[in-house]
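Atoms within each ligand, like the ligands themselves, are counted from 1 in listed order.
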Amino acid sequence: MEYTNILAETRGAVGIITLNRPKALNAICESMLQEVSEQVRLYEQDETIAAIVIKGSDKAFAAGIDIKELQAKVSINPIEALDNTYKYFKQIDDCRKPIIAAVAGYALGIGCELALTCDIILVADNARFGQPEISLGVIPGFGATQRLTKTIGKSKTMEMVLTGRALNAEEAVACGIASRIVALPDLFDESLKTAMRIAALPRYAIMLAKDAIKQSFNTGLESGIDYENKNCKICLGTNGFKESLERFIEKRGK
Ligand code: CO8
């Protein structure tokens with residue numbers, strides 16, 4: 001597939017996707033999301049890749065859905081537009097390898113939802129997270145009402161979704177949307193470093209850990225702990241786990 005809206009490259013065991021419509025502040029058109037989901041699928045299948053970074057430009061991770069394209073689509077078949085976009089989100093969400101979002105500048109609407117679909121969010125000091133859908137007379141359609149509520153609680157989610165107020169980087173970290181702030185010039189290097197650190201660790205354990213953490217969004221505490229325990233047992237049966245113990249005992253490092 002020839003890409004027109006994203007760039008894809010690899011650094012060691014890390015796959016990098018760059019949203020690449022800088023003139024439109026990386027507004028997400030349907031083909032951009034299709035390309036992201038396709039590239040995530042390819043990285044998922046590629047055994048040499050262990051982690052993924054998704055980034056935008058210094059000014060915008062993504063300033064929401066492409067409103068110009070949306071207007072054209074709405075006049076033809078709005079439900080189909082929603083369903084296609086939903087399908088691509090689901091494909092990204094299904095990826096078993098960890099995805100790090102490096103967010104600088106605007107992450108608005110569907111752009112914020114794309115970041116929320118990733119597993120770790122690192123932010124530059126200029127990051128702004130917002131769900132301004134309400135001002136367009138629509139509500140978020142790709143996870144924000146659910147993921148935000150489970151992440152930052154009801155009141156803050158209500159404020160974001162009902163007023164459209166965007167959170168700055170400090171607020172985003174304080175309420176748990178993002179894990180930490182990095183100076184803008186260092187954001188990509190730091191995101192890559194985090195991805196490489198993950199990529200160097202036992203892959204089966206990384207994927208089982210991601211799977212268990214994601215499960216907590218779908219289940220109550222007791223069944224979630226049962227699920228975690230099940231995944232932990234899978235780790236116990238692997239040669240990688242046994243070899244790691246031997247390496248430690250024989251002082252060969254972890
Ligand atoms: N769509 C299309 N083009 C955009 C978008 C967008 N979302 N955002 C920015 N652009 C374009 C501008 O039109 C402009 O293009 P041009 O140079 O050709 O005029 C260029 O990017 C630069 O933008 P600005 O000049 O506006 O830059 P500023 O720095 O002045 O402002 C803002 C930055 C505040 C981010 C401003 O661009 C803005 O408000 N953008 C729109 C934000 C927004 O509301 N996004 C949509 C959110 S809703 C959503 O994502 C989900 C809707 C789900 C509906 C259901 C789907 C089926």
Side-chain angles (χ1 to χ4, degrees), residues 3-7 17-38 40 54-93 99 101-118 121 123-152 156-172 177-178 184-185 187:
Y3 296 140
T4 51
N5 304 290
I6 67 166
L7 304 172
I17 296 172
T18 304
L19 309 178
N20 190 35
R21 300 184 74 209
K23 286 192 188 133
L25 300 183
N26 288 330
I28 296 182
C29 54
E30 192 180 315
S31 53
M32 179 195 265
L33 204 60
Q34 182 183 13
E35 290 173 14
V36 173
S37 72
E38 171 63 9
V40 166
I54 301 182
K55 68 183 179 73
S57 70
D58 283 357
K59 191 167 178 201
F61 180 73
I65 204 154
D66 184 325
I67 296 173
K68 295 166 193 167
E69 182 185 76
L70 181 65
Q71 187 193 33
K73 285 199 164 149
V74 161
S75 62
I76 303 169
N77 191 342
I79 301 300
E80 189 181 82
L82 185 80
D83 285 347
N84 284 343
T85 309
Y86 188 81
K87 183 181 75 187
Y88 298 133
F89 258 91
K90 180 88 179 68
Q91 280 169 10
I92 298 165
D93 191 34
I99 307 180
V103 175
Y106 298 108
L108 301 178
I110 196 173
C112 185
E113 289 173 305
L114 178 60
L116 292 170
T117 306
C118 298
I121 304 180
V123 290
D125 27 31
N126 69 343
R128 310 235 349 134
F129 290 86
Q131 300 293 159
E133 285 87 343
I134 208 79
S135 63
L136 295 175
V138 67
I139 71 166
F142 311 103
T145 62
Q146 306 305 301
R147 288 204 171 91
L148 280 175
T149 306
K150 290 192 164 73
T151 306
I152 68 178
K156 234 180 168 59
T157 303
M158 286 282 188
E159 190 190 352
M160 284 182 74
V161 173
L162 302 190
T163 72
R165 185 176 84 81
L167 306 185
N168 64 26
E170 283 86 10
E171 286 177 288
I177 287 182
L184 178 59
L187 179 67

Is R147 close to T117 at the side-chain level, that is, under 4.5 Å between some pair of heavy atoms?
yes
With heavy atoms under 4.0 Å as the rule, classify the contact between T85 and ligand 1 as side chain, backbone, both or neither.
neither
Looking at P132, which atoms of ligand 1 are within less than 4.0 Å of one of its heavy atoms?
44 (O), 47 (C)
Atom 57 (C) of ligand 1 protein-contacted (non-hydrogen atom, under 4.0 angstrom):
yes
For atom 17 (O) of ligand 1, find the nearest protein heavy atom and state the residue, atom name and distance (0.1 Å precision).
K23 O, 4.5 Å
Polar side-chain atom of E69 near backbone of E30 as donor-acceptor pair, under 3.5 Å:
yes
Where ligand 1 meets L136 - atom numbers and elements under 4.0 angstrom, heavy-atom basis
48 (S)
L162 CG: over 12 foreign heavy atoms closer than 6.0 Å
yes
At under 4.0 Å between heavy atoms, what of K59 touches ligand 1? The answer is side chain
Residue L70 vicinity, atoms of ligand 1 by number, heavy atom under 4.0 Å:
56 (C), 57 (C)
Is there at least one protein heavy-atom neighbour under 4.0 Å from atom 25 (O) of ligand 1?
no
Hey, are the side chains of M160 and I152 touching, using non-hydrogen atoms and a 4.5 Å cut-off?
yes
Is any side-chain heavy atom of N168 closer than 4.5 Å to a side-chain heavy atom of R128?
yes
Angle between ring planes, Y86 versus F142, binned at 30° and 60°: parallel, tilted or perpendicular?
tilted
Quick one, C112 and L116 - any side-chain contact, counting heavy atoms below 4.5 Å?
yes
Candidate with minimal heavy-atom separation from atom 46 (C) of ligand 1, of I139, L82, I67, L108
I67
Under 4.0 Å to a heavy atom of A27 - the qualifying atoms of ligand 1, by number:
1 (N), 2 (C), 5 (C), 6 (C), 7 (N)
Distance from atom 23 (O) of ligand 1 to nearest protein heavy atom, with residue and atom:
L25 CD1, 3.6 Å
Look only at the side chain of N26 and the backbone of F61, and say whether a donor-acceptor pair between them is shorter than 3.5 Å.
yes
Report yes or no: does N20 contribute a side-chain atom to a donor-acceptor pair with the main-chain N or O of N5 at less than 3.5 Å?
no
Any protein heavy atom sitting closer than 4.0 Å to atom 30 (O) of ligand 1?
no
For atom 48 (S) of ligand 1, the protein heavy atom that lies nearest, with its residue and separation:
E133 CG, 3.6 Å
Treating N126 as the side-chain partner and L184 as the backbone partner, does any N or O pair qualify as donor plus acceptor under 3.5 Å?
no
Any side-chain to backbone donor/acceptor pair from E35 onto T4? Under 3.5 Å, distance only.
yes
Within the distance-only criterion (no hydrogens, no angle test), does the side chain of E113 pair as donor or acceptor with the backbone N or O of G143 below 3.5 angstrom?
yes
Is there a polar contact, in the sense of an N or O pair closer than 3.5 Å, between A63 and ligand 1?
yes
Numbered in order shown, the ligand 1 atoms found under 4.0 Å of a heavy atom of A24 are 4 (C), 9 (C), 10 (N), 11 (C), 21 (O)
Is atom 39 (O) of ligand 1 less than 4.0 angstrom from at least one protein heavy atom?
no
Less than 4.0 Å between atom 19 (O) of ligand 1 and some protein heavy atom, yes or no?
no
Measure the distance from atom 12 (C) of ligand 1 to every protein heavy atom, then report the residue, atom name and distance (to 0.1 Å) of the closest one.
K68 NZ, 4.4 Å
For G64, the atoms of ligand 1 under 4.0 Å from one of its heavy atoms are 45 (N), 46 (C), 50 (O)
